[in-house]
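Working notes for the structure below.
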Amino acid sequence: MGGIGSDESPKQVANVACLPGIVSYSLAMPDMHWGYGFPIGGVAAFDLDEGVISPGGVGYDINCGCRLMTTRLHYDDVRDRIRDLVTALFRDIPTGVGSKGTMKLSLAEEKKVLLEGARWAVRQGYGTEEDLLSTEDGGMIGGADPERVSPRALERGREQLGTLGSGNHFLEIEVVEEIFDPPAAAAFGLEAGQVAVMIHSGSRGFGYQVCDDFLARMVKKIPSLDFYLPDRQLACAPFRSREGQEYFSAMACAANYAWTNRQMLMHGTRETFGRTLGLSPRELGMRLLYDVCHNIAKVEEFIVAGEKKKLCVHRKGATRAFPPGHGALPDRFQATGQPVLIPGDMGTGSYVLAGTEKAYRETFGSTCHGAGRVMSRTQAMKSSRGRPVSREMADRGVIVMAAGRGTLHEEIPEAYKNIDDVVDVVHRAGLSRKVARLRSVGCIKG
Amino acid sequence: MDFPRYRLFEHTADLGIEIFGADPGELLQNGVHALFDLMTDLEAVRPERTWRFSVDGTAWDDLLVNLLREVLYRASAEGVLFRDFTIEDLAEYRVTGTGRGEFFDPQRHRMEMEIKAVTYHGLDVVRTGTGWKGRVICDV
């Protein structure tokens, strides 16, 4: 793949390798690009006793991730209704900068969200128990403690549940275009021509504030660290220290917030589809295939030098890809491995992959997370100035609506690497297996 | 003033801003200006209300980031748009000042860009031959 290493990201991979207690190596996936602190596409695991946890190794949008829902609809049956669906979704789902959800949580209720994650949403009627089984970690990370979250973060989280956000976040209607692995596709409930919906969103202002608060705290402590830190954005704390544990507890709150958010976005999507097409929930059959996070730090068990060991794995712009037979997967994925969702740029579509034993052994159960940018946002704006991006997308068969004036220009397809190339690399490297490719036909963005 | 208040530099995924000022105070003011100029059309922001606050840091670069984090919080969480920021007191390394502006009104204001956070990555404030220059990278 050309282009890798032409920016600052290789240096960032090396910087991460300087952090204390790192196990084996600092990794980057083929969609790697220049981030801040860790590279985007970075994976690093740390020893729980001697290693660190770093807010910059997770990022501001804690538990930014994707979920894919399958339906009983065939594209041929709804081909002429895609524009109606996109218009209705754009009307019903709050998108864009500073958008607010339909509810304002009380403080007590918000704390329940932070503790329970997607379970809270299901209890409130936004989805089913089955949805939780198809969500990484069941939609809730343990160890969350709302008392570790600042009043500022709590304030920012109160009105943003059920909102998509802006930038590269999206909600996309897709069609299954190609099946690479028929048995796995069948187990995932995927078949050619089927309509599916992909949601890409995260923990919104709540997560940004948690990251910001803890980075500022940890940056203050840099002078007292007994090791060299090559970049302040890598500010970190020993995993077992008070700061380290408090960050983990607050980060878990943000992760749970993000799962609740995606659960509510999915519920809104189900309702809008049903209403627009005049279908009952049963006729629509919108089922969650899986939900993955790609900005997170988690305690997971791996084999290091022949021994089972719990490690703190940071995935910043990388996706978990657990193998067949892993205990963290529900029964329906025991034979196939974990579904891995990889979105491409808005004009292309997405891939569904499956986790592998090799990823578990070699990359701390991790694979890529998307196409990865090659063009800065300002370059993309410049190169697409004056171009009717929305019409160009329609000519490619994708109906797009965006809240922000500049969003479509920043997100033009050529601003990203070719998703087919990125996925081919992880497939050939054995870090995940290709199961299906989906083509986008409609998209709403912030 | 013979230099721009700010300009952008290339960063693949995020937003690099180079900020200029004749002295540290002007640099801080221009930093606030840059953030809001990138977020919205400042011409449409009326100086209707004022917000007075203090921010401190451990060095000029740390103070710059902390000031930008503070105004970004007010923008993101409270919907405040600052048209300008006037410094009343400046010391090493603490600033007290007043922002003038109004609350976001979707009827009159357009948000051009969401700035999620101001990072420490590549952060730098230096004295140059002609004044002061700061570099920050924002997550967008």
Side-chain angles (χ1 to χ4, degrees), chain A residues 6-9 12 33-40 56 59-61 96-99 152-153 155-159 165-169 204-205 207-209 211-213 215-216 219-220 222-223 231-235 317 372-379 381 403-407 410 415 446, chain B residues 7-18 38-41 55-59 61-81 93 103-106 109-125 135-140:
Chain A
S6 55
D7 59 16
E8 298 278 322
S9 51
Q12 294 190 306
H33 58 269
W34 188 13
Y36 36 83
F38 275 52
I40 313 294
Y60 287 93
D61 196 354
V97 185
S99 49
R152 285 191 163 192
E155 185 54 40
R156 287 179 77 170
R158 285 178 71 186
E159 289 183 271
S166 66
N168 60 2
H169 292 157
R204 314 284 292 110
Y208 312 160
Q209 192 67 41
C211 180
D212 199 60
D213 291 338
L215 260 175
V219 160
K220 271 189 190 156
I222 289 176
D231 178 353
R232 265 183 277 187
Q233 193 70 22
L234 288 175
R373 284 193 86 92
V374 282
M375 209 185 263
S376 74
R377 287 167 208 267
T378 42
Q379 270 176 320
M381 292 287 267
R405 195 162 45 170
T407 305
E410 283 176 17
Chain B
R7 69 180 173 211
L8 300 181
F9 65 88
E10 293 299 331
H11 184 282
T12 324
D14 300 302
L15 184 71
I17 314 174
E18 206 160 46
L38 289 164
M39 271 192 266
T40 188
D41 175 14
V55 176
D56 55 22
T58 54
D61 58 0
D62 191 51
L63 182 61
L64 174 64
V65 163
N66 287 344
L67 175 64
L68 298 184
R69 290 174 55 231
E70 177 66 28
V71 294
L72 186 59
Y73 169 76
R74 286 166 190 259
S76 312
E78 297 167 5
V80 176
L81 295 176
Y93 299 98
F103 287 110
F104 174 70
D105 174 354
H109 301 131
R110 224 187 150 103
M111 292 309 277
E112 303 285 349
M113 175 186 292
E114 180 178 38
I115 297 178
K116 291 180 187 165
V118 185
T119 78
Y120 292 93
H121 177 60
L123 170 66
D124 196 24
V125 169
R135 274 168 81 91
V136 292
I137 294 173
C138 296
D139 186 4
V140 292

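Each chain gets a letter, A, B and so on, in the order the sequences are listed, and its residues count up from 1. Hydrogens, waters and symmetry mates play no part in the numbers below; they use all other heavy atoms, side chains included.
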Worksheet, complete the sentence: Looking only at A:Glu159, A:Gln379, A:Met375, A:His33, the option with the highest number of non-hydrogen pairs under 4.5 Å against chain B is A:Gln379
Practice prompt. Under 4.5 Å heavy-atom distance to chain B, tell me which part of A:Gln12 shows up: side chain, backbone, both or neither.
Written response: side chain
Discussion item. Could you measure the distance from the OG1 atom of A:Thr378 to the CG atom of B:Leu38? Nearest 0.5 Å is fine.
Written reply: 10.5 Å
Discussion item. Nearest 0.5 Å, please: how far is CG in B:Leu15 from CD in A:Glu410?
Written reply: 9.0 Å
Fill in: Heavy-atom proximity to chain B below 4.5 Å, by part of A:Ala216
both
Worksheet item: Under a 4.5 Å heavy-atom cut-off, does chain B meet the side chain of A:Arg158, its backbone, both or neither?
Response: neither
Item to complete: Under 4.5 Å heavy-atom distance to chain B, tell me which part of A:Glu8 shows up: side chain, backbone, both or neither.
Response: neither
Discussion item. For a quick test of reading the model, state the closest non-hydrogen atom pair linking A:Val219 to B:Asp62 and the distance between them.
Written reply: CG1-OD1, 4.5 Å
Worksheet entry | Max heavy-atom pair count under 4.5 Å with chain B, selected residue of A:Gly35, A:Gly205, A:Gly406 | A:Gly35
Worksheet entry | A:Glu155 portion near chain B, given a 4.5 angstrom heavy-atom threshold | side chain
Discussion item. With a 4.5 angstrom heavy-atom cut-off, is it the side chain or the backbone of A:Asp7 that approaches chain B, or both, or neither?
Written reply: side chain
Worksheet entry | Segment of B:Thr119 engaging chain A (4.5 angstrom heavy-atom cut-off) | both
Worksheet, complete the sentence: Tightest non-hydrogen contact, residues B:Asp139 and A:Tyr60, listed as OD2-CD1, 3.3 Å
Worksheet item: Below 4.0 angstrom, N of the basic side chain to O of the carboxylate: do A:Arg152 and B:Glu70 qualify?
Response: yes
Item to complete: Below 4.5 Å from any heavy atom of chain A, which atoms of B:Leu72 appear? Answer side chain, backbone, both or neither.
Response: neither
Practice prompt. Check whether any side-chain heavy atom of B:Arg69 lies under 4.5 Å from a side-chain heavy atom of A:Leu215, and answer yes or no.
Written response: no
Worksheet item: What heavy-atom pair brings A:Arg156 and B:Ala77 nearest, and what distance separates the two atoms?
Response: CG-CB, 3.4 Å
Fill in: Nearest atoms (heavy-atom pairs only) where B:Lys116 meets A:Asp61
NZ-OD2, 4.3 Å
Response to the item:
Most heavy-atom pairs under 4.5 Å with chain B, out of A:Arg377, A:Gln233, A:Arg373, belong to A:Gln233
Discussion item. Between B:Val118, B:Asp61, B:Asn66, who has the most heavy-atom pairs with chain A when the cutoff is under 4.5 Å?
Written reply: B:Asp61
Worksheet item: Of all heavy-atom pairs between A:Asp231 and B:Tyr120, which one has the smallest distance, and what is that distance?
Response: OD1-O, 4.1 Å
Worksheet item: How are the rings of A:Trp34 and B:His121 set relative to one another: parallel (under 30°), tilted (30 to 60°) or perpendicular (over 60°)?
Response: perpendicular
Worksheet item: Which region of B:Val65, side chain (C-beta onward) or backbone (N, CA, C, O), has a non-hydrogen atom less than 4.5 Å from a non-hydrogen atom of chain A, or is it both or neither?
Response: neither
Response to the item:
What one should report as the nearest heavy-atom pair of B:Glu114 and A:Ser166 is OE1-OG, 2.5 Å
